[in-house]
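The structure appears right after this line, and notes come after that.
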Protein chains: 2
Amino acid sequence: MYKPFRYLCDIHPIRAAKKHAGTMSQDHSKKRANLRDVAKAAGVSVATVSRVMNAPKTVSQQTREKVEAAMTALRWRPSAAARAINSGRSRFVGALVPTLDNAIFARFLSHLESGLNLHGLSLVVATTGGDPKVETEKAHTLLDIGAEGFVLSGISQDPALLDLIDHMQIATIVTSFFDPNYVLPTIGYDNAEASRIALAHLEGQGHRDIAVIHGPKSLNDRTRARLQGLGDHHPDSALTFYETPLSTRGGCDAADMVLQQARRPTAILCLSDVLAAGAMSELQRQGIGVPDDISVMGIDDLPSSETLYPALTTVHLPVASMGTAAADALALWVEKGEKPAPRRFGPELALRASTRRVS
Amino acid sequence: MYKPFRYLCDIHPIRAAKKHAGTMSQDHSKKRANLRDVAKAAGVSVATVSRVMNAPKTVSQQTREKVEAAMTALRWRPSAAARAINSGRSRFVGALVPTLDNAIFARFLSHLESGLNLHGLSLVVATTGGDPKVETEKAHTLLDIGAEGFVLSGISQDPALLDLIDHMQIATIVTSFFDPNYVLPTIGYDNAEASRIALAHLEGQGHRDIAVIHGPKSLNDRTRARLQGLGDHHPDSALTFYETPLSTRGGCDAADMVLQQARRPTAILCLSDVLAAGAMSELQRQGIGVPDDISVMGIDDLPSSETLYPALTTVHLPVASMGTAAADALALWVEKGEKPAPRRFGPELALRASTRRVS
DNA sequence: TCTCTTTATGTAACTAGTTACATCACTCTT
DNA sequence: AAGAGTGATGTAACTAGTTACATAAAGAGA
């Protein structure tokens with residue numbers, strides 16, 4: 001093991017060196033090579049090796065080749081921890097998402113990740129289960145392992161998280177949500193507008209009796225914003241609300257509830273595509289034709305929604321571009337310190353086969 | 001900023017200290033507090049602060065309280081990088097998965113993550129797009145940022161990755177695959193058995209003319225293993241193979257191909273549930289009844305497969321228990337150095353409504 | 001009272017990198 | 001030929017923690 005000699009004076013011959021002698025077995029268990037090993041092997045100083053990594057042009061070609069040969073021979077890779085301790089850079093950011101079980105987050109993350117990779121950043125994903133306490137907890141963990149920035153989904157409910165972000169001055173972008181006045185930059189779509197588009201489509205087709213199926217309101221600002229968007233409906237419209245777990249199973253159960261009502265609606269608006277998928281299959285199971293007997297509509301536009309039978313009419317949320325934009329914005333913030341401006345992506349109607357005009 | 005005095009001898013008064021004086025503005029821009037700041041605030045040495053973290057019982061109650069108060073006051077959190085540099089511990093592991101777009105990996109990861117959290121480990125997810133070169137690349141990145149272990153999906157094709165794992169002696173578990181003789185411990189299900197179960201079910205129902213829809217063979221050992229499992233079919237059975245992209249869209253397209261053949265099979269076996277979902281909807285779109293005209297079967301048992309219409313008969317793969325088991329095994333390996341034994345999870349038939357007996 | 005522990009705490013070496021500054025060998029001026 | 005400028009390289013201080021060892025004080029046994 002390496003042993004540097006720091007104390008050259010002999011007036012106070014402070015304890016010279018630990019005796020590692022007993023555990024010395026340099027033969028094969030040489031562990032991972034470090035920068036000093038490389039320097040020794042190449043016959044140069046540690047600074048020169050470091051320069052080969054960080055400023056190659058300041059090192060002569062000859063020396064550089066020697067050092068590079070030594071690096072290869074020892075299979076040396078710089079330790080991120082040691083580098084982080086100096087530069088404060090870890091080159092990764094953390095994303096906090098409620099779940100991976102919903103394809104919408106999976107899609108978003110895959111675009112976020114590739115976008116970040118383009119900027120030389122890695123992505124660490126943590127799931128929160130939608131619990132703000134867990135979110136704060138995981139944010140701490142991410143910070144502890146060295147994350148340089150955060151990507152959040154929706155506006156957090158826990159003030160402790162905002163406090164942490166503020167105190168640590170850590171670059172943080174909020175996605176899946178748009179609010180230009182929020183303390184943190186939001187890069188996302190307007191959830192209220194998405195549901196407004198959906199409702200307008202159904203009302204435009206003549207539907208006036210609409211069942212609305214949605215996921216849990218509590219702790220989910222996206223769901224709440226979507227519900228809010230329905231506030232301003234046609235004066236003759238009657239909306240009935242059904243809350244259910246956010247899964248296809250939940251969609252089935254809610255649809256079953258809808259059918260048990262005395263008065264059957266002409267359309268079901270699901271505030272999430274997974275709910276719509278469940279609802280449609282339940283309707284079919286009970287012999288109700290979609291869209292002949294009841295129109296069904298979703299919001300999200302999952303990749304699989306297009307290939308359902310019938311193909312699901314839904315509101316397309318540009319999660320892919322949102323992921324890329326969030327990656328670019330966060331990279332800029334982390335690298336250059338430029339806090340990005342909020343950015344809004346417009347939802348769009350994806351008209352397919354699961355809704356139809358009624359008299 | 002803190003300034004240690006290391007050189008006590010005055011014979012060689014080596015350059016005393018850098019002059020940071022100019023940038024001194026300790027008032028508000030005090031950045032993140034470090035251990036020395038805490039020690040100073042508490043009026044103790046750095047070692048004592050460190051002990052409060054790592055061996056609280058060796059510190060007197062009184063001192064401990066003082067230190068804890070200082071930690072809180074300065075909102076100090078230990079730097080993972082600095083800790084890692086000493087202990088070599090970063091407390092996170094990396095998972096390399098082909099994609100997040102397939103619910104099967106999302107489910108696996110969510111269980112893997114919660115399992116690891118129980119052991120005090122965090123999970124970093126990297127997607128490879130199924131490309132072995134990218135996988136090796138990302139493994140390097142993970143290692144560089146300090147990952148202590150890997151979870152791979154399927155047997156990698158790139159020898160460079162195995163070489164890296166071997167050289168770095170990094171704890172690595174292979175999942176979604178079972179082979180007790182592989183160099184690395186595999187914790188997963190037998191993919192060949194899964195397809196064998198599926199085929200046996202269809203043949204048991206009297207199907208002899210079966211179309212097999214599967215994802216890309218190249219670079220995907222799971223698909224290959226599943227195809228292999230079909231080798232040993234009933235002597236009278238005729239299997240026709242259709243390769244297509246692994247998505248619901250791919251499933252639709254392949255089903256369309258099947259229907260274009262002169263001779264229509266009595267059953268379609270999809271080697272993945274997403275393909276089955278696409279295939280079923282395409283059949284319905286073309287007016288073919290499932291299971292009345294054609295039986296459709298999948299493999300995976302995604303959460304949504306149960307709520308398709310008709311409910312998909314498939315082979316259940318225990319990804320949840322696999323995730324938990326992989327987490328436990330990897331934690332044990334990382335923490336205690338105990339290399340785990342391979343572990344096999346049995347796939348099971350999930351009999352539902354999309355298949356039926358034929359004469 | 002003098003050692004002999006035990007307990008609590010401090011000092012400084014240590015981890016693996018980066019980097020400010022020093023130094024040396026050159027070449028280019030004048 | 002002296003001085004200045006340039007390029008390449010080395011020395012050791014520096015980052016934020018952990019930890020071996022030293023040491024101080026207090027209580028126990030002789």
Side-chain angles (χ1 to χ4, degrees), chain A residues 1-8 12-20 22-23 31-40 42-64 66-67 76-90 144 146, chain B residues 1-8 12-20 31-40 42-64 66-67 76-90 144 146:
Chain A
M1 205 159 279
Y2 171 77
K3 199 115 303 284
F5 297 98
R6 278 181 170 167
Y7 295 88
L8 305 169
H12 299 104
I14 311 165
R15 188 164 23 99
K18 293 181 193 175
K19 332 85 190 165
H20 274 257
T23 48
K31 314 193 75 172
R32 189 168 165 172
N34 66 22
L35 183 136
R36 261 118 188 143
D37 298 331
V38 175
K40 194 173 287 176
V44 299
S45 72
V46 292
T48 303
V49 179
S50 184
R51 278 184 206 109
V52 170
M53 295 296 291
N54 304 307
K57 63 227 92 178
T58 70
V59 179
S60 74
Q61 166 114 25
Q62 197 190 342
T63 311
R64 201 184 327 143
K66 259 196 311 183
V67 172
W76 177 77
R77 291 219 125 215
S79 139
R83 184 170 275 177
I85 218 177
N86 291 292
S87 56
R89 300 296 318 268
S90 62
D144 287 352
Chain B
M1 206 156 279
Y2 171 78
K3 199 112 302 288
F5 297 98
R6 278 181 171 168
Y7 295 89
L8 303 170
H12 299 104
I14 312 166
R15 187 165 24 98
K18 293 181 191 173
K19 332 84 189 166
H20 274 255
K31 314 193 76 172
R32 190 167 165 172
N34 67 22
L35 183 134
R36 261 120 187 140
D37 297 330
V38 175
K40 195 172 288 176
V44 299
S45 71
V46 292
T48 302
V49 179
S50 184
R51 278 185 205 107
V52 170
M53 296 296 292
N54 305 305
K57 63 228 92 182
T58 69
V59 180
S60 75
Q61 166 116 23
Q62 199 190 341
T63 311
R64 203 187 322 146
K66 262 196 310 184
V67 171
W76 177 76
R77 291 220 128 216
S79 139
R83 186 170 272 179
I85 216 177
N86 291 292
S87 56
R89 299 298 317 269
S90 61
D144 286 352

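Note on naming: letters A, B, ... go to the chains in the order of the sequence lines (proteins, then strands), and numbering restarts at 1 for each one. Any value given below was found using the heavy atoms of this structure, including those in side chains, with hydrogens, waters and symmetry copies removed.
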Which nucleotide in [options] has an atom nearest any side-chain atom of [X]:
X: B/Ser79; options: D/dA16, C/dG10, C/dA16; answer: D/dA16
X: A/Ser60; options: C/dG10, D/dT9, C/dA12; answer: D/dT9
X: A/Thr48; options: D/dG10, D/dT18, D/dA16; answer: D/dG10
X: B/Leu35; options: C/dT9, D/dT18, C/dT19; answer: D/dT18
X: A/Val46; options: D/dT19, D/dA12, D/dG10; answer: D/dA12
X: A/Thr63; options: D/dA8, C/dA16, D/dT19; answer: D/dA8
X: A/Ala47; options: C/dA16, D/dA12, D/dT18; answer: D/dA12
X: B/Arg51; options: D/dA20, D/dT11, D/dG17; answer: D/dA20

Rounded to whole Å, how long is the line connecting atom [atom1] of [X] with atom [atom2] of [N]?
X: A/Asn34; N: C/dT18; atom1: CG; atom2: P; answer: 12 Å
X: A/Lys40; N: D/dT11; atom1: NZ; atom2: P; answer: 13 Å
X: B/Arg77; N: D/dA16; atom1: CZ; atom2: P; answer: 17 Å
X: B/Asn54; N: D/dT19; atom1: CG; atom2: P; answer: 6 Å
X: B/Lys66; N: C/dG10; atom1: NZ; atom2: C1'; answer: 13 Å
X: A/Gln61; N: D/dG7; atom1: CD; atom2: P; answer: 16 Å
X: B/Asp37; N: D/dA16; atom1: CG; atom2: P; answer: 8 Å
X: B/Lys57; N: C/dT7; atom1: NZ; atom2: C1'; answer: 15 Å

So what does A/Arg64 touch, heavy atoms closer than 4.0 Å: a base, only the sugar-phosphate, or nothing?
nothing
With a 4.5 Å heavy-atom cut-off, do [X] and [Y] have their side chains touching?
X: A/Arg83; Y: A/Asn54; value: yes
X: A/Leu35; Y: A/Trp76; value: yes
X: B/Val59; Y: B/Val67; value: no
X: B/Arg64; Y: B/Lys57; value: no
X: B/Pro56; Y: B/Arg51; value: no

Side-chain N,O (B/Arg83) to OP1/OP2 (D/dT18) below 4.0 Å
yes
Can you tell me if the side-chain N/O atoms of A/Trp76 get under 4.0 Å from OP1 or OP2 in C/dA16?
no
Tell me which of A/Ser50 and B/Ile85 sits closer to the 5' end of DNA chain C, going by the nucleotide each one is nearest to.
B/Ile85
